[in-house]
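So you know, we letter chains A, B, ... as the sequences are listed, proteins then strands, and number each from 1. Values in this document were obtained by computation on a predicted structure and should not be read as measured data.
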There are 2 protein chains.
Amino acid sequence: MNTKMMNIKSELEKHGIKPTYQRLCVLEFIEQSQDHPTADHIYENLVKKIPTMSRTTIYNTLNLFLEKGLVVPLTITGTEVRYEITTGQHHHFLCLKCGRIYDVNIQCPLSQSKTVDGHQIQEIHGYFKGICKNCLN
Amino acid sequence: MNTKMMNIKSELEKHGIKPTYQRLCVLEFIEQSQDHPTADHIYENLVKKIPTMSRTTIYNTLNLFLEKGLVVPLTITGTEVRYEITTGQHHHFLCLKCGRIYDVNIQCPLSQSKTVDGHQIQEIHGYFKGICKNCLN
DNA sequence: TATCAGTTTGTAATGAATACAAAAATGATG
DNA sequence: CATCATTTTTGTATTCATTACAAACTGATA
Ligand SMILES: [Mn+2]
Ligand SMILES: [Mn+2]
Ligand SMILES: [Zn+2]
Ligand SMILES: [Zn+2]
């Protein structure tokens with residue numbers, strides 16, 4: 001196992017997750033992915049390397065990662081869940097033409113808030129939708 | 001037809017929508033509803049009054065209202081689309097315990113923006129998730 | 001080796017939304 | 001009123017993401 005895989009392995013262990021081969025591959029794929037993949041994106045890519053890979057394993061793994069706070073779900077499209085590694089707070093832009101999802105780095109004054117109107121905040125999502133820079137041309 | 005229904009009728013006409021009975025009832029229900037209903041919520045309520053009502057009509061109507069800009073879709077839960085009347089910009093809080101969706105009125109500095117990172121904005125959604133005021137007790 | 005918990009896999013089921021075509025309503029025209 | 005075209009509504013079948021469930025597999029331990 002190379003050094004990148006060792007890092008991924010220890011990241012799983014740090015979150016109390018037994019580092020199986022499938023889980024390593026799922027986490028590696030999400031980390032390396034730029035475009036907030038769906039469960040199916042992950043499956044379609046991993047099944048090339050692991051022919052016995054099951055879609056159910058992808059879902060099981062993603063739900064485990066969610067519980068342990070390793071990944072964050074994005075419900076921006078409304079048709080399927082997209083995933084990304086839990087990192088610094090940022091917002092997202094969905095292009096209604098090409099479907100691409102862009103990271104948007106803006107200083108949101110609410111990012112640090114723990115409550116709104118007395119409700120206890122656990123997640124904050126900022127979703128923009130429209131036509132992306134590329135598709136405008 | 002009472003005066004409230006007349007208002008709803010002219011609201012449809014203002015948006016270039018022929019005011020059929022089904023459409024009047026759907027719009028009336030969404031306007032009067034406090035909790036951002038799903039297509040199924042609307043169906044279950046209207047079928048009491050209109051026994052022949054079809055789920056397909058609800059979906060057709062909602063998609064028409066969306067095209068004409070009468071309603072806004074919320075993808076906050078990730079499992080189904082919620083709808084609300086197009087009004088002033090506001091954000092939403094989803095309680096992960098009871099499932100209720102609250103309006104959140106905060107002055108978001110991005111509400112007026114027409115672009116982010118060169119992307120043309122058409123919709124802005126601010127979603128908070130956590131435990132609501134009621135469920136905290 | 002026998003056992004056992006945790007993991008992976010395949011198949012079946014669920015549920016929101018769409019596709020599609022028949023039936024019903026509407027509305028203009030003679 | 002009768003006819004005919006257009007729009008709207010309805011019911012059924014289908015799609016697709018996700019979950020439910022149980023059998024097969026794995027790896028550690030006694
Ligand atoms: Mn992101
Ligand atoms: Mn609202
Ligand atoms: Zn685009
Ligand atoms: Zn609550």
Test item: side-chain donor near acceptor, [X] and [Y], under 3.5 Å:
X         : Y        : value
Thr87(A)  : Glu84(A) : no
His36(A)  : His92(A) : yes
Asn105(A) : His90(A) : no

Show the nearest heavy-atom pair for residues Val81(A) and Pro73(A), with the distance to one decimal.
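Val81(A) and Pro73(A) have their closest heavy atoms at CG1-CB, 3.7 Å.
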For Cys25(B) and Ile50(B), which heavy atoms make the closest approach, and how far apart are they?
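In this case the closest contact between Cys25(B) and Ile50(B) is SG-CD1, 3.8 Å.
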Nearest-angstrom distance from the residue atom [atom1] of [X] to [atom2] of [N]:
X        : N       : atom1 : atom2 : value
Tyr43(A) : dG10(C) : OH    : C1'   : 10 Å
Asn63(A) : dA17(D) : CG    : P     : 16 Å
Ile17(B) : dT26(C) : CD1   : P     : 18 Å

Just checking Thr79(A): base, sugar-phosphate only, or nothing, at a heavy-atom cut-off of under 4.0 Å?
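Since only primed, P, OP1 and OP2 atoms lie under 4.0 Å of Thr79(A), the category is sugar-phosphate.
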With a 4.5 Å cut-off on side-chain heavy-atom distances among I, L, V, M, F, W and Y, is there a chain of contacts connecting Ile106(B) to Ile106(A)?
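They do not share one cluster, since no chain of ILVMFWY contacts under 4.5 Å joins Ile106(B) to Ile106(A).
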From the options dA17(C), dG10(C), dT10(D), select the nucleotide whose nearest atom is closest to the side chain of Tyr59(B).
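The closest nucleotide is dA17(C).
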Given that Ala39(A) and Ile50(B) both sit by DNA chain D, which one's nearest nucleotide is further toward the 5' end?
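Upstream on the strand: Ile50(B).
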Which pairs, protein N/O on one side and nucleotides 6-9 of chain D N/O on the other, fall under 3.5 Å?
unit_1, atom_1, unit_2, atom_2, d
dT8(D), OP1, Arg23(B), NH1, 3.2
dT9(D), OP1, Thr20(B), OG1, 2.5
dT9(D), OP1, Gln22(B), OE1, 3.4
dT9(D), O3', Gln22(B), NE2, 3.2

Taking N and O atoms by type only, does the side chain of Thr56(A) place a donor or acceptor under 3.5 Å from a partner on the base of dT19(D)?
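Side chain to base: no pair below 3.5 Å.
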